[in-house]
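To start, the structure itself, in structure tokens.
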Amino acid sequence: MDAQSYSTALADLRTVRDQIKKTRALLAKQETDRDKLIIQLASYEKAKAERIAPAAGLGVAHVVALAPALAPDTLAADSTPQPPTPKPSTAQAAADSTPPPPRPTAAPTTATVSAPPAAPPVEAPSGQPTTAGTPRSLPAIPTGADGDAWFAHTANLASTRPNFTQQARSTVFLDTDTGVLVHRDQTHHLNLGDRSVGALLTAVFHTLPEGAERIYITAGAPWHRDADRYPYLRDAVAAWLNAPAPGWRTDTGRGHDRMAGHFVHARNPVGRYQREGGEQHVEIRSVGEWFDLDGDDPHTVRDAFVLLWQALRRHWSDAVLMGSPSQTGRDLWTRTIPTRGQHADGFPVLSEDLRGLLHATAGQGRNELITPPRVPEQLPQLVEYDRTFAYAKHTWKSPVGTPRRITAQTFAAWSEKEQLRALYGCGHWQVRVTVPDTWNHVGLLPAPAPGDRAWHYPATPGATFTTWAGGPEIHTALTNALTPWKIEILDGILWEDGKPLDDWAKKLKEGWTNLSAQAHFQGNPQQARAAHLASRAVRAILLYGIGSFAQRPRMVTGTTPRTMERDVPPDAEIISFDDELITWQKPSGFARDPNAHPEWAAAIWSGARAALLTQRHRDDDAHAGALHTPPGSVIAFRTDALYLTQPQTWPYHHQPGDYLLRGHLTGPLTAPTTEEELLTLRDTGRAALPTGQEA
């Protein structure tokens with residue numbers, strides 16, 4: 001590019017900037033007009049939120065937030081006849097971030113670990129909508145017999161070892177930018193036409209008359225081809241998945257792996273199709289579910305999957321790569337369930353009440369940006385440390401057996417040794433927390449913040465809040481070397497310590513270690529890259545496998561003709577619409593999933609969050625983590641990563657859980673105040689440290 005082209009491009013960029021600004025202003029005005037109309041409609045005495053919501057293209061909760069007068073009719077149990085629910089065109093058991101509203105519960109009594117009991121908190125019914133500035137209330141366990149009934153397993157539902165062999169599916173790898181298709185050791189060049197679903201399926205099945213059961217897209221993201229026509233990527237993806245494909249219809253599921261319908265995801269969607277009048281089934285998936293690519297061709301991706309399969313076969317003679325890492329992870333785990341001993345009959349599934357409680361109160365990774373004045377306006381440096389294969393560090397101990405309820409009175413009656421043993425064990429605790437008056441470091445425990453699933457970490461001296469937290473975090477707050485926090489136990493769930501995931505995780509860690517070594521020592525660059533991608537896939541199997549144990553409530557997606565918008569389910573959220581169809585989604589509760597173990601995911605996530613604060617390296621007689629840095633030097637937490645203002649000398653031995661230096665940016669730098677600014681600095685810091693490795 002010469003100077004004249006540069007100047008011309010700058011002028012074009014300014015024009016686009018101004019157009020974006022005008023479009024945003026117009027959109028803001030239209031949204032304001034929409035909200036005014038909703039409020040105006042709410043003044044009609046017979047107005048109903050479930051009628052207004054689809055007309056506005058919003059969820060019922062959003063309408064009620066704008067017009068609270070509509071809430072009584074919406075929230076009254078069974079007060080209004082429900083319209084018939086149209087048959088969903090797309091149904092998928094997907095992980096959702098919004099749980100069904102837990103039942104209101106009575107306030108628990110309190111006891112204290114380090115101080116006399118405080119007054120019991122008054123819990124608002126957790127089904128009530130929260131306002132923008134009001135932290136949501138977390139559910140509690142009911143008192144008396146109602147609460148005791150939660151502490152049982154779901155009848156006739158347990159994780160057991162499968163008695164069948166998983167069937168492999170013929171797989172191809174397709175670059176939709178170049179049309180290159182790799183099938184086993186063959187390479188084909190396809191004409192994909194307009195890159196629609198119909199064109200893609202026609203081209204693949206014309207080239208491979210025997211067909212394929214799984215098509216991995218390695219590049220091109222054809223579901224984004226019309227992204228500029230839609231306000232959100234999800235809308236473009238949904239339109240691409242549901243576009244007519246002559247000779248094909250949406251799959252309805254089959255066999256032991258009964259996955260039906262499409263999964264709408266902005267980046268990694270899944271399209272499932274079935275030949276009309278035939279038995280052929282095919283999935284279209286993104287390789288991005290397994291690992292991030294950097295211009296890798298389909299041959300390298302094929303080689304990565306071959307290496308992955310070979311690595312897993314060393315430990316599981318019947319290992320099969322399924323469509324996603326989470327499916328593969330759970331399938332492999334079931335094949336480690338013992339055939340003899342204490343758990344030969346499997347691992348029972350908790351009651352739906354306890355699963356719902358864990359879903360609502362056990363968050364995943366810690367994501368927090370700390371801004372001035374808690375950190376300097378100008379940062380001397382920005383240093384990123386990422387915990388290598390972090391979750392694999394926390395699978396050695398997990399909850400098993402029938403859970404026990406530990407009330408405040410029971411806990412208070414125990415000796416200090418018994419209390420600490422319980423808090424160090426496998427438990428989930430409702431606590432009232434007080435930050436020490438002299439505290440000057442980061443927050444230690446998650447607290448509910450405004451938003452459906454938002455968490456923050458109070459650190460203001462003297463602040464008091466009520467929350468739920470896992471044993472590792474509670475133990476850290478009570479025993480940290482700076483200043484122990486005051487923790488009052490209000491209620492708790494305690495399990496026996498067990499090792500249901502240990503064998504599974506050890507095998508995956510060994511596969512990861514071997515593939516990482518291959519990537520490092522392999523002389524052929526393409527094979528080295530394939531081995532690296534395969535190691536990332538093993539990491540994904542463990543991480544997403546753990547996440548799948550959480551078994552969030554299913555989300556059903558469906559469509560309704562615009563002419564029948566009254567039939568949109570009243571509890572549905574409108575996710576897109578056009579001139580003909582309204583696309584919506586609604587929670588459908590928990591499935592009878594025999595592998596639902598949110599207690600395992602919650603324990604691992606709690607351990608990982610605690611390790612971000614402090615982690616001991618016994619062999620080096622050293623500690624690492626945020627609490628081992630000077631006050632004011634922690635800029636951000638991001639799942640398994642720490643962002644600091646100065647480098648550390650923490651041990652790194654390429655082991656799961658070790659802190660790896662990923663990026664280093666020399667200042668002075670303006671402290672980031674948004675996630676976008678943090679990610680920009682992160683990427684710059686990683687580019688400035690080319691020798692860094694992936695965690």
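This is a predicted model, so every value here is computed, not measured. All residue numbers refer to positions in the sequence shown, counting from 1.
- The main-chain N or O of G323 is found under 3.5 Å from a side-chain atom of R285 such that the two form a donor-acceptor pair.
- Under the rule for a ring pair (Phe, Tyr, Trp, His ring centres under 6.0 Å), the partners of Y385 that lie at least two apart in sequence or sit in another chain are W650.
- Inter-residue side-chain proximity for L332 and W504 is flagged as met; some heavy-atom pair is nearer than 4.5 Å.
- One N or O on the side chain of S516 and one on the backbone of W512 form a donor-acceptor pair closer than 3.5 Å.
- In this view, H520 satisfies the side chain to side chain donor-acceptor pair (under 3.5 Å) rule with no residue, not counting sequence neighbours.
- In this structure, a donor-acceptor pair under 3.5 Å is present between the side chains of Q327 and S324.
- Remark: side-chain polar atoms of R609 are paired, donor with acceptor, to backbone N or O of Q364 under 3.5 angstrom.
- Between I217 and P222 the shortest side-chain heavy-atom distance falls below 4.5 Å.
- Residues L542 and F389 meet the side-chain proximity criterion, which asks for heavy atoms closer than 4.5 Å.
- Residues passing the side chain to side chain donor-acceptor pair (under 3.5 Å) test with Q518, sequence neighbours excluded: none.
- The aromatic rings of Y273 and H262 sit tilted relative to each other, their planes meeting at an angle between 30° and 60°.
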Give the intermediate values and the outcome of side-chain contact (heavy atoms from CB on, under 4.5 Å) for residues R355 and V349. CA-CA 9 Å; R355 281 182 280 152; V349 173; 3.6 Å; yes
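- T395 places no side-chain N or O within donor-acceptor distance of the main-chain N or O of I604, the cut-off being under 3.5 Å.
- Within the 4.5 Å cutoff, side-chain heavy atoms of V237 are placed close to those of H224.
- Here the straight-line distance linking atom CG of D386 with atom CG of D640 works out to 6.0 Å at 0.5 Å rounding.
- For the pair P269/V264, no side-chain contact is recorded, criterion being any heavy-atom separation below 4.5 Å from C-beta on.
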side-chain hydrogen bond (donor to acceptor under 3.5 Å, both in side chains) assessment of H281 paired with D251: CA-CA 7 Å; H281 302 252; D251 202 346; 2.9 Å; yes
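- Using modelled atom types, no side-chain atom of T614 and backbone atom of L612 make a donor-acceptor pair closer than 3.5 Å.
- Remark: N595 pairs with S159 by the side chain to side chain donor-acceptor pair (under 3.5 Å) rule, at least two apart or across chains.
- By the 4.5 Å heavy-atom criterion applied to side chains, E213 and V282 are not counted as neighbours.
- At a threshold of 4.0 Å, the pair R275-E279 does not count as salt-bridged, since none of the basic side-chain nitrogens sits closer than that to a carboxylate oxygen.
- Listed by chain and residue number, S606, A610 satisfy the side-chain contact (heavy atoms from CB on, under 4.5 Å) test with P472 (two or more places apart in sequence, or in another chain).
- With sequence neighbours excluded, no residue forms a ring pair (Phe, Tyr, Trp, His ring centres under 6.0 Å) with H617.
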Verify side-chain hydrogen bond (donor to acceptor under 3.5 Å, both in side chains) between E289 and N268, making sure each step is shown before the conclusion. CA-CA 6 Å; E289 294 182 83; N268 298 315; over 6 Å; no
What verdict does the side-chain contact (heavy atoms from CB on, under 4.5 Å) test give for H299 and V180, after you've listed the backbone C-alpha separation in whole Å, the side-chain angles of each residue and the deciding distance to 0.1 Å? CA-CA 9 Å; H299 300 86; V180 173; 4.3 Å; yes
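- No donor-acceptor pair under 3.5 Å is formed between the side chain of K397 and the backbone N or O of D497.
- Residue T476 holds its OG1 atom at 11.0 Å from CD of Q615, rounded to the nearest 0.5 Å.
- Each salt bridge (charged side-chain N to carboxylate O under 4.0 Å, His left out) pair with one or both residues in residues 293-322, not counting sequence neighbours, appears once here: D296-R529, D318-R335.
- In this view, D503 and T336, K507 satisfy the side-chain contact (heavy atoms from CB on, under 4.5 Å) rule, not counting sequence neighbours.
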Could you give me the CA-CA distance, side-chain angles and deciding distance for K506 and E510, then say whether salt bridge (Lys or Arg N to Asp or Glu O under 4.0 Å) is met? CA-CA 6 Å; K506 283 180 178 177; E510 184 174 331; over 6 Å; no
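- A salt bridge links R330 with D593: the closest approach of a Lys/Arg side-chain nitrogen to an acidic carboxylate oxygen falls below 4.0 angstrom.
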Should Y652 and T388 be marked as a side-chain hydrogen bond (donor to acceptor under 3.5 Å, both in side chains) after you check the CA-CA gap, both sets of side-chain angles, and the distance that decides it? CA-CA 9 Å; Y652 185 74; T388 298; 3.0 Å; yes
Starting from the C-alpha separation in whole Å, work towards a yes-or-no answer on side-chain contact (heavy atoms from CB on, under 4.5 Å) for Y457 and L613. CA-CA 12 Å; Y457 294 80; L613 299 170; over 6 Å; no
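- Salt bridge annotation for R682-E384: absent, with no cationic side-chain nitrogen under 4.0 angstrom from a carboxylate oxygen.
- A salt bridge does not link R638 to E368: none of the charged side-chain nitrogens sits closer than 4.0 Å to a carboxylate oxygen.
- In this pair, H597 and W600 present their aromatic rings parallel. The plane angle is below 30°, not in the 30 to 60° band.
- Without hydrogens or angle criteria, Q166 side chain to F164 main chain gives no donor-acceptor distance under 3.5 Å.
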Apply side-chain contact (heavy atoms from CB on, under 4.5 Å) to the pair Y216 and L174, showing each step before the final yes or no. CA-CA 6 Å; Y216 277 120; L174 175 63; over 6 Å; no
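- Heavy-atom contacts from other residues, nucleotides or ligands closer than 6.0 Å to CD of E676 number 12 or fewer.
- Taking CG of L321 as the start and CZ of R214 as the end, the distance is 8.0 Å to the nearest 0.5 Å.
- Listed by first and then second residue, the salt bridge (charged side-chain N to carboxylate O under 4.0 Å, His left out) pairs involving residues 513-527 amount to none (not counting sequence neighbours).
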Donor-acceptor pairs under 3.5 Å, side chain of residues 195-211 to any protein atom, not counting sequence neighbours: which ones?
unit_1 : atom_1 : unit_2 : atom_2 : d
R195   : NH1    : G220   : O      : 3.1
S196   : OG     : D194   : OD1    : 2.9
S196   : OG     : A199   : N      : 3.2
T202   : OG1    : G198   : O      : 2.8
T207   : OG1    : A203   : O      : 2.9

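- R161 places a side-chain N or O within 3.5 Å of a backbone atom of I337 that can act as its donor or acceptor partner.
- In this structure, the side chain of D658 engages the main chain of Q655 through a donor-acceptor pair within 3.5 Å.
- For F291, the ring pair (Phe, Tyr, Trp, His ring centres under 6.0 Å) partners two or more places apart in sequence, or in a different chain, are F305.
- Atom CG of D620 has more than 12 neighbouring heavy atoms from other residues, nucleotides or ligands inside a 6.0 Å radius.
- No donor-acceptor pair under 3.5 Å is formed between the side chain of R387 and the backbone N or O of Y659.
- Residues that satisfy the side chain to side chain donor-acceptor pair (under 3.5 Å) test with H623, not counting sequence neighbours, are absent from this structure.
- Here the side chains of R267 and S286 are not in contact, with every heavy-atom distance at 4.5 Å or above.
- Side-chain contact between T645 and V634 is absent, with no heavy-atom pair separated by less than 4.5 Å.
- Using the six-membered ring where Trp is involved, F347 and W333 have ring planes that are tilted, between 30° and 60° apart.
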